[in-house]
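Structure first, then comments.
These numbers come from the heavy atoms of this one structure, side chains and all, not from hydrogens, waters or symmetry mates. Start at 1 and go down the list; that is how both ligands and their atoms are numbered. Not measured: the values here are computed from a predicted model.
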Amino acid sequence: MNQAELHRILASKSLKKKSAVPLKSLFEKRLATNLSLIKTQFFSLYQDTEHKAYFFTLLDTLETLFKNRPAELKKQDIERLNSGNWYQSEKMVGMQLYVDRFNKNINGLKEKLPYFEDLGINLLHLMPITTRPSGENDGGYAVNSYHEIDSKYGSKEDFITFAKKAGEKNMFLMLDFVVNHTSDEFEWAEKAKKGNLHYQNYYYTYSDRHIPDEFEKTLPEIFPQSAPGNFTYNEEMEKWVMTCFNTYQWDLNYRNPEVFIEMLGNLMSLANLGIDIIRFDALAFLWKKIGTLSQNLPEAHTLISLFRMCLQVIAPGVVLLAEAIVAPRNIIKYFGEDIKEGNECEVAYNASLMALLWNSIATKKTSLMVKSLMEIPNKPKDATWINYIRCHDDIGLGYDDDFVRSMGWDPTAHKQFILNYYCGNLEWSPSKGLMFMYNPKNGDGRITGSAASLLGLETALEQKNKNIIDYAIAKILMMHGIILTYGGIPMIYAGDEIGTLNDYTFEQDQDHVNDNRWVNRPMHNWSVVSELQKVDDSPAAIIYDRLKNMIRLRKEHNVFEDSNSLKIHGSPNPHIFVYQQTNENKSVWVLSNFNEVSETLHISWLLSIGIHAGKNSMDLLTGKTIELTHNELPIKPYQQFWIINL
Ligand code: GLC
């Protein structure tokens, strides 16, 4: 039983009482339920006796933050607790977008609410909208403020009106909390630059290279091409400051308890905008230690859990998403382990599935994916995934070397093959991606590009080849079919629903040219959208229509709720990915062929995993019964079935 469950019990008890629960006593009850965990976690991070006073500051801060939470959100917190794990529902389907690139600004976004409704989207992940430095700002991930909306998007009132309107349409909202760093223009950084030692201690600042050099011995580089190294010299401050990402993103020093307490306030100012899910950006990096990679450290987990426990007291309805793009065995830890189990983040990106899907497209085989996914330990029952194929970032090839070896592949050569396949170095590959942050020191590189271009649509359209166009469309749909059925919240990247290709205009933009992730951050193409009704055989129209149908089917079948029932079947045909979702004794089997030729599965194997086949089972996607040919089920290239028994 995690803390949220305890709170559910408290919330249901408060509802049973006829008179409204006095909010003050709600606060006290919640605090009492969490206090000992908060205390344990706080003092495990901040051990010195001098830190004791900060613990009392934290307690006062909690009370103030609770008071400041708007009344309607306090009510919503109680409702959310009572509605169980709403984020695991099959009804959830998300879309990620840049407000300005989607439709101008917040008001423009509001106008497009019917578009989301038509497609079936009920969760929006809006990329950063608060103030940031002009010029390069990592798409707003360099924050000047955690709550002031950048005027190019509109005003706070615009946002609140939008959030209200979205809420009326049962739309959930997600925003980022850039928890690891601020911009170098943030008020603390400005004060630090002016020589204020108090604020210099909010960051990792050093007068000479001694400690930075010690750190550099083990710290990896995130952007080795555009921002090599992890420290930047600031002339004004005459000090080195830790900058693991870009030179203008200063890493916060959470060894200082004041930073934690102030950041909790910043988190709440974001949550109080009416946000349902908060994406904890780059949270693996929160704790730094010389001699380590300074990623996924136990203290980082304690810190995240401390944030969660404090939210449990002041805003228990808010859900946290872990943006931990790390090895599979490390991702799962962000749901919390041991005493922290279920008390860290409720949701995490399924980066492993994402990277393995791209591996399967390139190799046309699913064995590495099956083996790797089967090894991932079960997540806690209250936790869920964000399943996605593309997001605004690059695709990292985080495969487990031992598993790659067990396929008979050499890990280095394999990585090189995948990079070559996607980044235009293999003549026969239909894929059109770009290489991101190639690091000649270790041969590491990542991939950028839109889903459609990576899956061959751009090449196929250039070649005007109907067959290849059809294959690319089938691949796009198959990949989306997987994220819609795998268990968790599917997150569609805006533009993918109409097969948007790479956007090469970033090369002409001086603020974007050094970061080719902008190739997969296109402007939404509303002229294509307006054509959808008129021309129904364009790739965009076919993708939109079928995707919409798949979303509808997902929402109609509660087997797609994430009840932790996913069963992956090691298929005898290495090209076919097979898994089963079960709920209340009903199952759906999802079969996907990753090969460019037709493949088959024998009836005896289908029967062995529970599929009746023939007239006794049906494909939900087409509504047709499952036809066998000589006791074999034929599956066309990139075809997918969602099979139920009748
Ligand atoms: C996260 C974001 C990425 C950003 C980085 C630094 O990984 O997804 O876009 O560059 O954090 O904030």
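Stacking of Lys193 on the aromatic ring of Trp188 is not recorded, the 6.0 Å distance cut-off and the 45° axial limit not both being met. Under a cutoff of 6.0 Å and an axis angle of 45°, Lys110 and Phe162 do not form a cation-pi pair.
Checked against the 6.0 Å centroid threshold, Phe177 and Phe280 count as a close aromatic pair. If you look at Phe102 and Tyr98, their ring centroids are not closer than 6.0 Å. Aromatic pair Trp86/Phe172: ring centres closer than 6.0 Å.
Protein residues with any heavy atom under 4.0 Å from ligand 1: Asp138, Tyr141, His181, Phe223, Phe245, Gln249, Arg279, Asp281, Glu323, His392, Asp393, Arg517.
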Name the atoms and distances for all side-chain donor-acceptor pairs under 3.5 Å in residues 318-331, with sequence neighbours left out.
residue: Glu323; atom: OE1; partner: Ala282; partner atom: N; Å: 2.7
residue: Asn330; atom: OD1; partner: Lys333; partner atom: NZ; Å: 3.4

